[in-house]
Structures are given as structure tokens and as C-alpha cells.
Colleague: 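First, the structure itself, so that you have it in front of you.
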Amino acid sequence: MAELPETPDKVFPVDPLHQFQIHSIVPVNVGGVDLSFTNSALWMAIAIGLIGLFFVLATGGRQLVPGRLQSVAELMYEIVANMVRDNVGTEGRRYFPFVFTLFMFTLFGNVLGIIPHSFTYTSHIIVTFFMAFVIFIAVTVIGFARHGLGFLRLFFPHGAPLWTSVILVPIELISYLSRPVSLSVRLFANMMAGHIMLKVFAGFVLLMGLAGVVPLAALVGITVLELLVAVLQAYIFTILTCVYLHDAIHLH
């Protein structure tokens with residue numbers, strides 16, 4: 001009788017998708033609704049705790065000549081402040097706390113996910129879509145609060161011939177409504193693809209043993225690249241939020 005072929009689990013030592021599984025840590029069920037505290041919620045709490053701890057330590061003993069930790073905190077502050085000022089204008093100052101919080105939450109979620117045995121909550125579409133949907137609702141509310149029904153002018157470019165409204169309005173409306181999807185998918189897809197690649201190369205290192213020097217070198221390079229992508233994606237997510245704020249405030 002012919003032997004059955006080995007299963008993929010016996011051939012490849014790791015499962016690249018296992019890292020994205022959500023597990024219940026503290027089961028909670030209210031009226032048939034699962035409100036369990038999961039590993040995703042745990043790492044969100046860890047990220048928030050680390051962000052708070054970082055700024056407490058960085059600003060606790062402020063000095064005229066900043067130390068390393070204070071310099072990093074000030075650098076992050078300046079990056080987001082310049083982002084808001086350049087893309088939203090002076091009227092965007094009131095929204096700086098929200099934008100800065102969004103940047104730090106996304107950045108720490110991306111970077112913490114690179115640590116072995118951690119969980120990358122920004123690699124889940126439900127998390128990134130919720131964040132993008134909150135931004136979409138907030139920007140829409142701000143637009144109508146500032147301009148009333150005049151906010152609808154956003155869907156018809158100023159100076160365009162009236163007869164082009166039949167074409168331009170549907171296009172602009174679809175583009176506007178697709179913002180939560182494009183914003184969330186960009187972050188989720190980049191984080192998920194990068195982490196799968198890291199896991200695959202780690203599997204090759206284990207599979208090849210002593211001959212795994214080449215994939216190990218590639219793994220180190222990909223880890224550095226993934227760190228850069230993590231920072232870049234947090235920056236892109238935040239700067240697009242600023243662009244959407246600019247549209248809501250200035251209507252162009």
C-alpha cells in the first residue's frame with residue numbers, strides 16, 4: 001500500500017497565518033454577544049500603556065537641552081505638528097490631539113507587531129476599518145458643522161461647467177465614500193503581507209538548519225524593512241487623515 005504524502009504541517013515548520021488568529025483571554029458573553037477580552041485587545045492595551053509610559057518618562061524631567069528620550073518625544077510631536085500645519089493649516093490646531101493620538105496608536109501597533117510572539121492589531125481589517133470609519137464620520141461631521149449644506153460643494157469642483165455635474169458628482173461621491181475602504185485596506189494589507197513574509201523566511205531558516213544562513217540574512221534585512229514600513233504606514237495613515245480634514249475645512 002502506497003504511503004500517504006506528508007501534510008504541509010510536517011513539511012513546513014511554521015504556519016504563516018497562525019499569528020493573525022484572535023484568541024479569547026477572558027471570555028465575556030452578554031446577551032449572546034461575545035465581548036471577550038482577546039489577544040488583540042490585550043496588545044491594544046499594551047500599546048496604550050507603553051505610549052503613556054513613554055511620554056511620562058520623556059517629559060517627566062524636561063530640560064532645556066533635551067536628553068535622548070525627550071528628543072524622540074519632541075521629534076514625534078514636531079512631525080505630527082508639521083503634518084497638521086502643512087496639510088490642514090492653522091485651523092487644524094484644534095484637531096492636533098486627535099491626529100497625534102491616531103499616529104501614536106497606529107505606530108506602536110505596527111512596531112510592536114514585529115516582536116516575536118506579539119500580536120499586530122493593525123493587521124486586522126476590522127481594526128483598521130473601524131479606525132478609518134471613525135475618521136470618515138468625524139471629517140463628515142466637521143464638514144457639515146462648518147459649512148452646512150455648502151459642504152456638498154466638495155462633490156462638484158469650483159469652476160467646472162454645470163453640464164459636467166452628471167459625470168463629476170457621481171465620481172466624487174464614490175471617491176469620497178470609498179475613503180474608509182482605501183484607508184483601512186492600505187494599512188491592513190501592508191502589515192499582513194510583511195508579517196507573512198517574515199514568518200515564511202523564519203520557517204525557511206528552521207527548515208534548512210545549518211544551511212539557513214542565507215534565509216537568516218534575508219530575514220534580518222526584511223525585519224529592518226518591515227520596521228521602516230511600519231513607521232511609513234503610520235505616517236501615511238495619519239497624513240491622509242490630515243488631507244481629509246483639509247477637504248472638510250477648506251472644501252478643496
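This is a predicted model, so every value here is computed, not measured.
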Colleague: Give me the other members of the hydrophobic cluster that Ile171 sits in, counting Ile, Leu, Val, Met, Phe, Trp and Tyr linked by side-chain heavy atoms under 4.5 Å, directly or via other members.
Modeller: Ile167
Colleague: Output the rest of the hydrophobic cluster of Trp163: all Ile, Leu, Val, Met, Phe, Trp and Tyr residues reachable through side-chain heavy-atom contacts under 4.5 Å, sorted by chain and number.
Modeller: none
Colleague: Check whether Val181 and Met192 end up in the same hydrophobic cluster, where Ile, Leu, Val, Met, Phe, Trp and Tyr are linked by side-chain heavy atoms less than 4.5 Å apart.
Modeller: yes
Colleague: Mind checking what makes side-chain contact (heavy atoms from CB on, under 4.5 Å) contact with Leu232, not counting sequence neighbours?
Modeller: Ile236
Colleague: Which residues pass the ring pair (Phe, Tyr, Trp, His ring centres under 6.0 Å) test with Phe144, sequence neighbours left out?
Modeller: Phe151
Colleague: State yes or no: are the ring centers of Phe103 and Tyr77 separated by less than 6.0 Å?
Modeller: no
Colleague: Side-chain heavy atoms under 4.5 Å apart, restricted to Ile/Leu/Val/Met/Phe/Trp/Tyr: what other residues fall into the cluster of Leu228, or is it alone?
Modeller: none
Colleague: Looking only at non-hydrogen atoms, find the nearest pair between Pro180 and Ala132 and report the distance.
Modeller: O-CB, 3.4 Å
Colleague: Does CZ in Phe130 sit with more than 12 non-hydrogen atoms of other residues, nucleotides or ligands closer than 6.0 Å?
Modeller: no
Colleague: Which pair of heavy atoms, one from His250 and one from His147, lies closest together, and at what distance?
Modeller: N-NE2, 4.4 Å
Colleague: Can you list everything that forms a salt bridge (charged side-chain N to carboxylate O under 4.0 Å, His left out) with Arg146? Sequence neighbours excluded, please.
Modeller: Glu91
Colleague: Quick one: closest heavy-atom pair of Gly113 and Thr120, and the distance?
Modeller: CA-OG1, 3.0 Å
Colleague: Applying side-chain contact (heavy atoms from CB on, under 4.5 Å), name anything that partners Asn82, two or more places apart in sequence or on another chain.
Modeller: Glu78, Arg85, Asp86
Colleague: Show every donor-acceptor pair shorter than 3.5 Å between a side-chain atom in residues 48-55 and any protein atom, with sequence neighbours excluded, or say none if there are none.
Modeller:
none

Colleague: Let me confirm one number: the CG-CD1 distance from Leu42 to Ile22, rounded to the nearest 0.5 Å.
Modeller: 12.5 Å
Colleague: Not counting sequence neighbours, which residues clear side-chain contact (heavy atoms from CB on, under 4.5 Å) with Ile222? List them please.
Modeller: Met197, Leu198, Phe201
Colleague: Could you state the interatomic distance from CZ (Phe105) to OH (Tyr121), rounded to the nearest 0.5 Å?
Modeller: 4.0 Å
Colleague: Considering non-hydrogen atoms only, spot the tightest contact between Ala234 and Asn110 and give its length.
Modeller: N-ND2, 3.7 Å
Colleague: Step by step, would you call His124 with Phe20 a side chain to side chain contact (heavy atoms under 4.5 Å, CB included)?
Modeller: CA-CA 8 Å; His124 277 256; Phe20 303 113; 4.0 Å; yes
Colleague: For residues 215-244, which residue pairs qualify under side-chain hydrogen bond (donor to acceptor under 3.5 Å, both in side chains), counting only residues two or more places apart or in two chains?
Modeller: His195-Glu226
Colleague: Which pairs with one or both residues in residues 38-61 pass side-chain hydrogen bond (donor to acceptor under 3.5 Å, both in side chains), sequence neighbours excluded?
Modeller: none
Colleague: Pair Phe100, Tyr95 - check side chain to side chain contact (heavy atoms under 4.5 Å, CB included), show working.
Modeller: CA-CA 9 Å; Phe100 186 71; Tyr95 307 111; over 6 Å; no
Colleague: Give a yes or no on whether Leu177 atom CG has more than 12 heavy-atom contacts from other residues, nucleotides or ligands under 6.0 Å away.
Modeller: yes
Colleague: Might you confirm whether atom CD1 of Ile126 has over 12 heavy atoms from other residues, nucleotides or ligands at distances under 6.0 Å?
Modeller: no
Colleague: Please report the shortest heavy-atom distance between Val28 and Ser36, naming the atom on each side.
Modeller: N-OG, 3.0 Å
Colleague: Would you say the ring centroid of Tyr176 lies under 6.0 angstrom from that of Phe136?
Modeller: yes
Colleague: With sequence neighbours excluded, what pairs up with Glu172 under the salt bridge (charged side-chain N to carboxylate O under 4.0 Å, His left out) test?
Modeller: none
Colleague: Indicate the atoms forming the closest heavy-atom contact of Cys242 with Val88, along with that distance.
Modeller: O-CG2, 3.3 Å
